[in-house]
Amino acid sequence: MRKQLFFILLMVSGSAGYVHSQAKTYPLLTPAAPEVAEMSSDRLSRIDHVIQDYVDKKWANGAVALIVRNGKIVYYKSFGYDDIESRKPMQKDGIFRIASQTKAITSVAVMILYEEGKFLLDDPISKYIPEFRHPTVLDKFNAQDTTYTTVPAKREITIRDLLTHTSGIDYAQIGSKEANAIYYKNGITSGIGLDSLILGDAMKKLGGLPLLHQPGEKWTYGLNVDLLGYLVEVVSGMALNEFFKKRIFDPLGMKDTFFYLPKEKQSRLVNLYDVDSTGALVKSPEHFNYNGMMNMNYPKTKGTYFSGGGGLSSPIMDYAIFLQMLLNNGTYNGKRILSRNSIRMMTMNQIGDLNLGAYKFGLGFEITTQKASALLPLQEGAFGWGGAFSTTYWADPKEKIVGLIYKQLWGDQHGELADKFRVLVYQAIND
């Protein structure tokens, strides 16, 4: 009996050691045959036909798609054209304006400082940026002259409110009509396409403007992460671009991700396309007015505005490395960026019962719920987001999948390709 008990304990101990060992396996991204990662080459080829069909129908000028499973790059292809007129092919290593995909990187930066004991997530932001003391909430708004009245906020905005987009701060240029008008009048922008402004100046000014609702009472997509970017600057004593480089990009090897591209990398910036009134694809003008002027060649400027909510440009492989770090519970290539418990916090529901359709929101990511997993094949617990210029990503911890599809298109009329791509990825699993 004692021998049997010893054998059982040995087996349990061995199993526990194996699980622990598996948890400590942090793969680097390496190319491999899909079958190595239990994906079907034949079924993955269906992706080729679908994306090429969008190019052939002139619904997209081009695209790059990348799939990782178990740390293995099982699919990495480009389609169509970077320049339709010259027939310049889309390059796999092209640098894309990733817009709101910047938010996840800023959120990781915030959590790095959180882990260093610099603040708690439920601290009021005004503790570090005093311009946000005594916030007010919009009460009545006169669209004729953009005047408004306010009421006092019931409480102050917290860092957690900002990470979850529940602060009441709206977006400039792409937000509600009230926010667009109030922010425009006060020189607040979305943070994209700027040349010479300074993040801190804009965020201090934002602190004096009304919230669109009481903190914590609704989910509203807004300038929350731009404000968090300024928090990173204040607390770290570093400009946001410098913090990203030192604490995230250099350790991970994200060597081509920047707010403003060095001259030697500018030729890799992918052209931005737009859709004209007839539905035809046309190159986006360098400057255009969208509730405020935007310079769409901003990655090639010597800008000084580091938008934590939308300012980065990056190739698809760099972002895949960033996502693999998250799937690895915070580490990549022997460098730990965050602890596994911070990753757990970031990728769980942090908004309770607030309405976000079938999904929830964590600390920087949209979270696939059980209800949402009935709509698309992503497993419950998958997390992701995208950017305004038609870039999309997600990571699925249960399937150990990273998926990304990048276009560079403003006003995309065929955004359903992103969901089709998700379906095509999961149908290729062959385990």
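What you see below is based on every heavy atom in this structure, not just the backbone, and it leaves out hydrogens, waters and symmetry mates.
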Item to check | Ala428 versus Leu44, closest heavy-atom pair with distance | outcome: CB-CD2, 3.6 Å

Next on the checklist: Between the side chains of Arg69 and Asp431, is the shortest nitrogen-to-carboxylate-oxygen separation below 4.0 Å, so that they form an ion pair?
Outcome noted: yes

Next on the checklist: Against Ile67, only a single residue in Leu404, Val402, Ile73, Ile47 fulfils side chain to side chain contact (heavy atoms under 4.5 Å, CB included); can you say which?
Outcome noted: Ile47

Next on the checklist: Using a 3.5 Å distance criterion without hydrogens, assess whether the side chain of Lys72 forms a donor-acceptor pair with backbone atoms of Pro34.
Outcome noted: no

Checklist entry - Side chains of Tyr260 and Thr301: does their closest heavy-atom pair fall under 4.5 Å? => result yes

Next on the checklist: Could you check whether any side-chain heavy atom of Asp226 comes within less than 4.5 Å of a side-chain heavy atom of Met203, counting everything from C-beta outward?
Outcome noted: yes

Checklist entry - Between Arg160 and Gln350, do the side chains contain an N or O donor and an N or O acceptor separated by less than 3.5 Å? => result yes

Checklist entry - Can you find a pair of side-chain heavy atoms, one from Lys407 and one from Thr392, that are under 4.5 Å apart? => result no

Checklist entry - Looking only at side chains, do Glu35 and Ser41 share a donor and an acceptor under 3.5 Å apart? => result yes

Next on the checklist: Can you give me the closest heavy-atom contact between Ala320 and Leu66, atom names plus distance?
Outcome noted: CB-CD2, 3.9 Å

Checklist entry - Taking Asp161 for the side chain and Thr158 for the main chain, is one N or O donor matched with an acceptor at less than 3.5 Å? => result yes

Item to check | ring pair (Phe, Tyr, Trp, His ring centres under 6.0 Å), paired with Phe365, selected from Tyr359, Trp394, Phe383 | outcome: Phe383

Checklist outcome for this item: Taken to the nearest 0.5 Å, the spacing of Asn430 CG from Gln427 CD works out to 10.0 Å

Item to check | Neighbour count above 12 (heavy atom, 6.0 Å) for Gln370 CD | outcome: no

Checklist entry - Have Tyr75 and Asp48 got a donor and an acceptor in their side chains that come within less than 3.5 Å? => result yes

Next on the checklist: Keeping Arg336 on the side-chain end and Asn329 on the backbone end, is there a donor-acceptor pair under 3.5 Å?
Outcome noted: yes

Checklist entry - Less than 4.5 Å apart, any side-chain heavy atom of Phe243 and any of Ile112? => result yes

Next on the checklist: Between Lys360 (side chain only) and Leu354 (backbone N and O only), is there a donor and an acceptor less than 3.5 Å apart?
Outcome noted: yes

Next on the checklist: I need the single residue from Val232, Leu113, Val234 that forms a side chain to side chain contact (heavy atoms under 4.5 Å, CB included) with Lys118. Which is it?
Outcome noted: Leu113

Next on the checklist: Applying the side chain to side chain contact (heavy atoms under 4.5 Å, CB included) criterion to Ile401, which one of Leu378, Val74, Ile429, Val68 satisfies it?
Outcome noted: Ile429

Next on the checklist: Could you report the tightest heavy-atom contact between Phe132 and Leu206, atom names first, then the distance?
Outcome noted: CZ-C, 4.0 Å

Checklist entry - Take atom NZ in Lys400; do more than 12 heavy atoms of anything else shown fall under 6.0 Å from it? => result no

Checklist entry - Is Lys103 reaching over with its side chain to a backbone N or O of Gly309, donor-acceptor style, under 3.5 angstrom? => result yes

Next on the checklist: Is it the case that atom NZ in Lys245 sees more than 12 heavy atoms from other parts of the structure closer than 6.0 Å?
Outcome noted: no

Checklist entry - Any side-chain heavy atom of Gln266 sitting closer than 4.5 Å to one from Pro299? => result no

Checklist entry - Is a side-chain N or O of Tyr128 found less than 3.5 angstrom from the main chain of Phe119, in a donor-acceptor match? => result no

Next on the checklist: With no hydrogens and no angle check, just 3.5 Å: does a side-chain donor-acceptor pair link Asp276 and Thr278?
Outcome noted: yes

Next on the checklist: Is it the case that the side chain of Thr369 and the backbone of Ala358 share a donor-acceptor pair, with hydrogens and angles ignored and the cut-off at 3.5 Å?
Outcome noted: yes

Next on the checklist: For a quick test of reading the model, state the closest non-hydrogen atom pair linking Gln101 to Tyr319 and the distance between them.
Outcome noted: O-OH, 2.7 Å

Next on the checklist: Using 30° and 60° as the class boundaries, would you call the ring planes of Trp59 and His414 parallel, tilted or perpendicular?
Outcome noted: parallel

Checklist entry - Are Ile159 and Asp122 side-chain neighbours, meaning at least one heavy-atom pair lies under 4.5 Å? => result no

Checklist entry - Which atoms form the tightest heavy-atom contact between Gly311 and Thr102, and what is the distance? => result N-OG1, 3.4 Å

Checklist entry - Are Phe389 and Asp412 side-chain neighbours, meaning at least one heavy-atom pair lies under 4.5 Å? => result no

Checklist entry - Do side-chain atoms of Asp123 reach the backbone of Leu120 as a donor and acceptor pair under 3.5 angstrom? => result yes

Item to check | Flag side-chain contact, heavy atom, 4.5 Å: Lys88 against Asn271 | outcome: no

Item to check | Shortest non-hydrogen contact between Ala202 and Tyr305, atoms and distance | outcome: CB-OH, 3.7 Å

Checklist entry - Is Arg247 paired with Glu116 through a side-chain N to carboxylate O contact shorter than 4.0 Å? => result yes

Checklist entry - Which class fits the ring pair Phe259 and Phe244: parallel under 30°, tilted 30 to 60°, perpendicular over 60°? => result parallel

Next on the checklist: Donor-acceptor check, side chain of Asn333 to backbone of Leu252, threshold 3.5 angstrom: yes or no?
Outcome noted: no

Item to check | Donor-acceptor under 3.5 Å (Ser390 side chain, Gln408 main chain) | outcome: no

Checklist entry - So does Lys398 have more than 12 non-hydrogen atoms from other groups sitting under 6.0 Å from NZ? => result yes

Checklist entry - Just wondering, are more than 12 heavy atoms of other shown residues or ligands nearer than 6.0 Å to OH in Tyr221? => result yes

